[in-house]
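Position 1 is the first residue of the sequence, and the numbers go up from there. In this text, all values refer to a predicted model and were calculated from it rather than measured experimentally.
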Amino acid sequence: MKIINVHDKMQKNYQYELAAPEGQDFAPDFTPELTPQQMLEMGVFEGHYLTDCQDEFPRSWFVNARLSKTTPDITQNYFGVKSRLSLNEWQKRGWIIGPDVRGWFQWYCRYYYGRRLPEIDSLQIKRWKSFKRHKAQILKNCYIGDIECRKRQRQALLQWAYNPLF
């Protein structure tokens, strides 16, 4: 088993073990439509989410990632719109769970990479499943293939590993 040591701007001296092969052995009810690499390449979180912690994950995830090294930049988002609340707001709402100080996407990257924390994984998978309601809203209110319709919801779906291009 491989141990990952984390030391970035938001988290120091944290380590975890990779207990599963990358991209495999997911919980049966967790079926994300996109990998972290695909999400980063399409453009998520204004390109600024993982800029200081790339050493934690495979380099291949970042080769074609749309990143903004200095400040968040909505033009790096696939749909060119802001579709998230601030980290401070996530903290107020209790959305930061366990050791994943950056929220759901950090949890997903670590889960995809192979870390398993059963209690936290279960909570985050429930949150992911509940987010699918946004896809239903787009299907109800938009023509199939009209990706200009509900761009903020589509960007949000992308940031939760759902394919927004339907």
Using the test salt bridge (charged side-chain N to carboxylate O under 4.0 Å, His left out), find all partners of Glu148 that sit at least two apart in sequence or belong to another chain.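 Partners of Glu148 by the salt bridge (charged side-chain N to carboxylate O under 4.0 Å, His left out) criterion, ordered by chain and then number, come out as Lys151.
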
Checking ring-ring contact (aromatic ring centres under 6.0 Å, His included) against Tyr108, which of Phe30, Trp160, Phe57 comes through? Phe30

If every non-hydrogen atom of [X] is compared with every non-hydrogen atom of [Y], which pair is closest and at what distance?
{"X": "Leu158", "Y": "Pro164", "result": "CB-CG, 3.9 Å"}
{"X": "Glu46", "Y": "Pro72", "result": "OE1-CB, 3.2 Å"}
{"X": "Pro32", "Y": "Phe26", "result": "CG-CE2, 3.7 Å"}
{"X": "Met1", "Y": "Ala19", "result": "SD-CA, 3.7 Å"}
{"X": "Leu18", "Y": "Tyr113", "result": "CD2-O, 3.7 Å"}
{"X": "Ala20", "Y": "Asp25", "result": "CB-CB, 4.0 Å"}

Are Ile147 and Ile144 linked, directly or through other ILVMFWY residues, by side chains that come within less than 4.5 angstrom of each other? yes

What is the distance from atom [atom1] of [X] to atom [atom2] of [Y], rounded to the nearest 0.5 Å?
{"X": "Leu165", "Y": "Glu33", "atom1": "CG", "atom2": "CD", "answer": "10.5 Å"}
{"X": "Thr35", "Y": "Glu22", "atom1": "OG1", "atom2": "CD", "answer": "8.5 Å"}
{"X": "Asp55", "Y": "Leu50", "atom1": "CG", "atom2": "CG", "answer": "11.5 Å"}
{"X": "Asn88", "Y": "Arg93", "atom1": "CG", "atom2": "CZ", "answer": "11.0 Å"}
{"X": "Ile74", "Y": "Ser68", "atom1": "CD1", "atom2": "OG", "answer": "11.5 Å"}
{"X": "Lys129", "Y": "Ile125", "atom1": "NZ", "atom2": "CD1", "answer": "8.0 Å"}

Answer yes if the side chains of Arg152 and Gln155 hold a donor-acceptor pair under 3.5 Å, and no otherwise. no

Answer yes or no: is there a donor N or O on one side and an acceptor on the other, between the side chain of [X] and the main chain of [Y], under 3.5 Å?
{"X": "Glu41", "Y": "Asn64", "result": "no"}
{"X": "Asp8", "Y": "Met10", "result": "yes"}
{"X": "Tyr49", "Y": "Arg102", "result": "yes"}
{"X": "Asn5", "Y": "Asn13", "result": "no"}
{"X": "Arg116", "Y": "Tyr111", "result": "yes"}

Asn77 vs Gln159, test: side chain to side chain contact (heavy atoms under 4.5 Å, CB included). Steps then yes/no. CA-CA 10 Å; Asn77 280 349; Gln159 293 172 176; 3.9 Å; yes

Is a salt bridge present between Glu56 and Arg115, judged by a nitrogen-to-oxygen distance below 4.0 Å?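 Looking at Arg115 together with Glu56, the answer is no, because their closest N to O distance does not fall below 4.0 Å.
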
Do the numbers put Arg154 on top of the ring of Phe166, so that NZ or CZ is under 6.0 Å from the six-membered ring centre and no more than 45° off the axis?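 Arg154 over Phe166 ring: yes.
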
Flag the pair [X] / [Y] as yes when at least one side-chain heavy-atom distance between them is below 4.5 Å, and no otherwise.
{"X": "Trp107", "Y": "Ile97", "value": "no"}
{"X": "Leu40", "Y": "Arg66", "value": "no"}
{"X": "Trp95", "Y": "Glu89", "value": "no"}
{"X": "Pro99", "Y": "Ile120", "value": "yes"}

Plane angle bin for Phe131 and Tyr162 - parallel if under 30°, tilted between 30 and 60°, otherwise perpendicular: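 Judged by the thresholds at 30° and 60°, the geometry between Tyr162 and Phe131 is parallel.
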
side-chain hydrogen bond (donor to acceptor under 3.5 Å, both in side chains) involving Arg133 - partner list, sequence neighbours excluded: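 Scan of Arg133 (side-chain hydrogen bond (donor to acceptor under 3.5 Å, both in side chains), adjacent residues dropped) gives none.
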
Which residues pass the side-chain hydrogen bond (donor to acceptor under 3.5 Å, both in side chains) test with Gln11, not counting sequence neighbours? Arg110

Atom CD of residue position Glu119 - does it have more than 12 heavy atoms of other residues, nucleotides or ligands inside 6.0 Å? no

With a 6.0 Å cut-off (strictly less than), is the heavy-atom count around NZ of Lys12, excluding the residue itself, greater than 12? yes

Given Leu67, which partner from the list Gln76, His48, Gln54 fulfils the side chain to side chain contact (heavy atoms under 4.5 Å, CB included) test? Gln54

Before you tell me yes or no, could you show the steps for Thr31 and Trp128 under side chain to side chain contact (heavy atoms under 4.5 Å, CB included), namely the whole-Å CA-CA distance, both residues' side-chain angles and the distance that decides it to 0.1 Å? CA-CA 10 Å; Thr31 55; Trp128 171 81; 3.7 Å; yes

Quick one: do Leu117 and Tyr16 satisfy side chain to side chain contact (heavy atoms under 4.5 Å, CB included)? Show the steps, please. CA-CA 10 Å; Leu117 302 172; Tyr16 61 91; over 6 Å; no

Hey, would you say the Phe105 and Trp61 ring centroids sit under 6.0 Å apart? no

